[in-house]
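Structure first, then comments.
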There are 2 protein chains.
Amino acid sequence: MTNIKKVSELAGVSTATVSRTLKSPEQVTAATREKVMQAVKQAGYRPNWLASSVKSGKSNSIVVLVPNLTNPFFLRIIGGIEQAAQEKGYSVLLGDTQGDSRREHEYAGMVLSNRADGLIQLDHSFPFAPQDAELADNIPMVSVCERIEGERKYPVIELDNYAASRALAHHLVGYGHQKFAAIVGQISSQIYRERLAGIRSVLQEENLPLPDEMLAGGSYSIESGIEGVRQLLKQPVRPTAIFCFNDDIAIGAIHEIKKHGLRVPEDISVVGFDNIKVSAFMDPPLTTVDQPAYDMGRRAVEVLVSQIRKEPLTRSKEVLPFQLIERESSGPAPQ
Amino acid sequence: MTNIKKVSELAGVSTATVSRTLKSPEQVTAATREKVMQAVKQAGYRPNWLASSVKSGKSNSIVVLVPNLTNPFFLRIIGGIEQAAQEKGYSVLLGDTQGDSRREHEYAGMVLSNRADGLIQLDHSFPFAPQDAELADNIPMVSVCERIEGERKYPVIELDNYAASRALAHHLVGYGHQKFAAIVGQISSQIYRERLAGIRSVLQEENLPLPDEMLAGGSYSIESGIEGVRQLLKQPVRPTAIFCFNDDIAIGAIHEIKKHGLRVPEDISVVGFDNIKVSAFMDPPLTTVDQPAYDMGRRAVEVLVSQIRKEPLTRSKEVLPFQLIERESSGPAPQ
DNA sequence: ATTTCAAATGTAATCGATTACAGTAAATTC
DNA sequence: GAATTTACTGTAATCGATTACATTTGAAAT
């Protein structure tokens with residue numbers, strides 16, 4: 001291993017001078033700078049990042065906890081995180097938790113042991129183990145999309161799920177639909193509650209029902225969409241419009257609806273949530289709500305880094321704008 | 001910050017004893033162990049990972065270079081990498097390069113500066129900057145799917161792209177197709193050459209043409225599929241079967257074919273490559289080649305870690321099995 | 001030529017944990 | 001009871017870089 005000592009000997013200077021040449025060259029004479037750089041080059045020297053980090057006490061890394069790597073929506077968020085992190089000189093440690101709390105604890109522990117400086121949570125759980133909860137009290141942490149449960153409030157970057165759901169509901173009500181159903185995602189989440197509340201609020205204003213037997217699903221997956229439609233079509237009354245709580249669910253739902261010989265949107269309108277890439281290229285292209293996933297990721301890093309730097313927090317909650325994307329999976333209610 | 005010194009004072013022992021209690025408890029009396037553990041708990045102590053790492057010279061991290069985070073296929077590979085890495089006690093640093101060589105250099109540099117112990121490259125380029133090439137000579141590195149360019153041969157985990165393409169070609173030839181086209185991915189890659197060669201070999205055996213004007217595309221994206229179909233349909237002869245070099249391309253292609261009022265597979269058969277999740281739920285479901293992406297990721301980590309541990313390498317190339325998935329996007333050639 | 005001051009460089013402490021080596025206490029053997 | 005071995009624990013060196021402080025160098029001022 002070529003270390004700073006070897007370089008200093010090669011250049012005939014002290015290690016301090018080598019370090020200064022690399023970190024703050026203006027403190028060093030042009031002549032010695034020259035000598036040192038020569039030696040650095042000759043030795044093929046790279047400062048040992050681990051060593052610098054122990055000294056500074058900062059790892060310049062952040063952990064990102066993802067419940068599910070196969071969801072393309074998370075990917076866009078992570079893309080934004082990656083980009084912003086790199087710009088700010090941080091690297092990203094990926095933590096695929098599969099929703100398993102043991103894994104969450106393990107990854108969250110990285111921040112406690114100085115392996116990372118902060119944490120971005122894409123799921124809704126408080127990721128630290130119970131015995132670490134107290135230690136975790138001053139840990140920089142941000143949640144994206146979801147909100148971290150517990151008494152302490154961490155900054156959130158989120159969408160106005162309530163308003164977005166209302167927009168979708170208005171869109172469908174405007175088409176004259178009266179028989180609604182929903183295939184929801186994970187029930188324990190904040191998102192679930194807000195989206196459902198948004199839909200309910202519009203339907204109530206219009207005096208339209210959303211009975212319990214018209215709710216299906218339980219996870220944010222294609223399979224959940226398929227299973228959801230199977231259940232819904234067993235009911236005595238067939239819905240004419242289905243709210244899917246994300247695009248994956250909608251993809252599964254449309255697939256299954258067609259399998260039953262029904263048409264989208266002529267027989268049943270389907271709307272999704274997230275606007276993942278393929279949604280625009282489905283048949284029919286999916287009506288959905290666009291979330292600025294990439295920007296959410298970027299913003300999360302900015303907020304996290306300012307927490308790490310102990311800058312005062314301006315807002316503890318940022319709501320990013322959504323956009324209703326009307327495509328062809330939704331249309332007028334059948335007669 | 002609670003460090004080992006504080007704990008040692010609390011427990012009334014030396015730092016060495018504290019360290020031993022945590023790392024090799026059998027070397028410590030039950031009584032002192034008790035005292036120390038008590039103090040550890042009381043202080044809320046966690047060993048500083050950075051400090052341990054400087055000492056050992058190992059970061060227990062690996063960097064993964066991904067050209068494109070939005071491709072769900074890469075995600076499955078990364079999922080496998082993540083899983084295997086965690087089992088082996090490594091953490092994963094994510095490097096989204098966007099195919100930009102400056103970024104590649106930067107991420108690859110992490111291994112040179114001890115920020116990571118090894119590197120997995122999902123793209124085909126040699127990721128180190130030219131001036132670092134010599135230093136990089138002994139760096140543990142593995143490529144997945146693609147092969148890293150350059151004279152030195154790094155271990156590869158890949159698919160038999162040649163055989164897989166032949167399987168697809170046979171499948172289509174078996175349906176009686178005679179007018180073929182292909183929408184290819186990035187032309188600079190090994191994959192491109194092998195897949196094309198596989199297709200060509202079958203067509204030649206059957207005396208069927210694949211003229212240059214029937215080749216389109218240039219990147220692994222939905223857009224490339226759309227643009228490719230546009231180009232192909234401008235040609236005087238319309239193909240009856242299109243090889244798409246991945247599923248994203250195929251999704252774009254099918255979308256665009258339908259837009260032109262043509263049917264898949266009645267007018268044009270389309271086949272893809274990768275078997276990403278949504279492929280099964282498209283309309284029509286996509287005929288494609290399944291790659292064991294998850295296992296490829298796992299295997300890559302295993303090979304990388306044994307390189308890091310300087311274990312002798314058994315094979316420098318591992319070819320994993322593919323599977324032809326016949327769905328409804330391919331069918332008999334039209335009359 | 002001497003003094004003064006700033007700039008450049010070197011020495012050594014430091015970050016936090018690990019570990020070779022040394023020292024001490026307890027247990028075993030004769 | 002003395003000698004020897006074994007088991008624990010402590011002291012201090014170490015990993016590689018950074019940096020406070022001390023020292024040297026050289027230029028400017030008198």
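Only this structure's heavy atoms are used, side chains among them; waters, hydrogens and symmetry mates stay out. Just so it is clear: chains get the letters A, B, ... in the order the sequence lines come, proteins before strands, and each one is counted from 1.
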Discussion item. Walk me through whether A:Ile120 and A:Leu65 qualify under side-chain contact (heavy atoms from CB on, under 4.5 Å).
Written reply: CA-CA 6 Å; A:Ile120 296 179; A:Leu65 262 44; over 6 Å; no

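What separates CD of A:Glu9 from P of C:dG10 is a distance of 13 Å, to the nearest Å. Across the protein-nucleic acid pair, A:Lys55 atom NZ and C:dA12 atom C1' stand 11 Å apart, rounded to whole Å. We find that NZ of A:Lys5 is positioned 13 Å from C1' of D:dA17, with the value rounded to whole Å. Following rounding to the nearest Å, A:Lys58 (NZ) and D:dA17 (C1') show an atom-to-atom distance of 18 Å. Atom CZ in B:Arg33 sits about 12 Å away from atom C1' in D:dC8, given to the nearest Å. One atom, CD of B:Gln27, and another, P of C:dT18, lie 12 Å apart when rounded to the nearest Å. Between the C1' atom of D:dC8 and the CD atom of B:Glu26 lies a distance of 13 Å, rounded to the nearest Å. Rounded to a whole Å, the CG atom of B:Leu50 is 15 Å from the P atom of D:dA17.
Contact between the side-chain N/O atoms of A:Tyr45 and the OP1/OP2 oxygens of D:dA17 is found at a separation under 4.0 Å. Between D:dA17 and A:Ser52, no contact under 4.0 Å exists linking OP1 or OP2 to a side-chain N or O. Put simply, B:Thr17 has no side-chain N or O that comes within less than 4.0 Å of OP1 or OP2 on D:dC8. Here B:Thr15 does not reach the OP1 or OP2 of D:dG10: none of its side-chain N or O atoms lies under 4.0 Å away. Residue B:Ser19 has a polar side-chain atom (N or O) positioned under 4.0 Å from OP1 or OP2 of C:dT18.
The side chain of A:Ser14 has C:dT11 as its nearest neighbour among C:dT14, C:dT11, D:dC8. Distance from the side chain of B:Val54 is smallest for C:dG16 among the nucleotides C:dT9, C:dA17, C:dG16. Closest to the side chain of A:Asn3, out of D:dA17, C:dA17, C:dT9, is D:dA17. For A:Ile4, counting side-chain heavy atoms from C-beta on, the closest listed nucleotide (C:dT9, C:dT19, D:dA17) is D:dA17. The B:Ala51 side chain lies nearest to C:dA17 when the options are D:dA17, C:dA17, D:dT11.
For a distance-only test at 3.5 Å, the side chain of A:Arg20 qualifies as a donor-acceptor partner of the base of C:dG10.
No hydrogens or angles considered: a donor-acceptor pair under 3.5 Å links the side chains of B:Ser125 and B:Glu104.
By the 4.0 Å N-to-carboxylate-O rule, A:Glu87 lies close enough to A:Arg298 to be salt-bridged with it. Under the 4.0 Å criterion applied to side-chain N and carboxylate O atoms, B:Asp132 and A:Arg46 are assigned as salt-bridge partners. Between B:Arg299 and B:Glu302 there is a salt bridge, with a side-chain nitrogen of the basic residue lying less than 4.0 Å from a carboxylate oxygen of the acidic one.
Position along DNA chain C of the nearest nucleotide to B:Lys23 versus A:Thr32 favours A:Thr32 as the more 5'-ward residue.
Rounded to the nearest 0.5 angstrom, A:Gln186 CD and A:Ile191 CD1 are separated by 9.5 Å.
Residue contacts for B:Val13: at a heavy-atom cut-off of 4.0 Å it reaches the sugar-phosphate backbone alone, with no base atom in range. Residue contacts for A:Arg46: at a heavy-atom cut-off of 4.0 Å it reaches the sugar-phosphate backbone alone, with no base atom in range.
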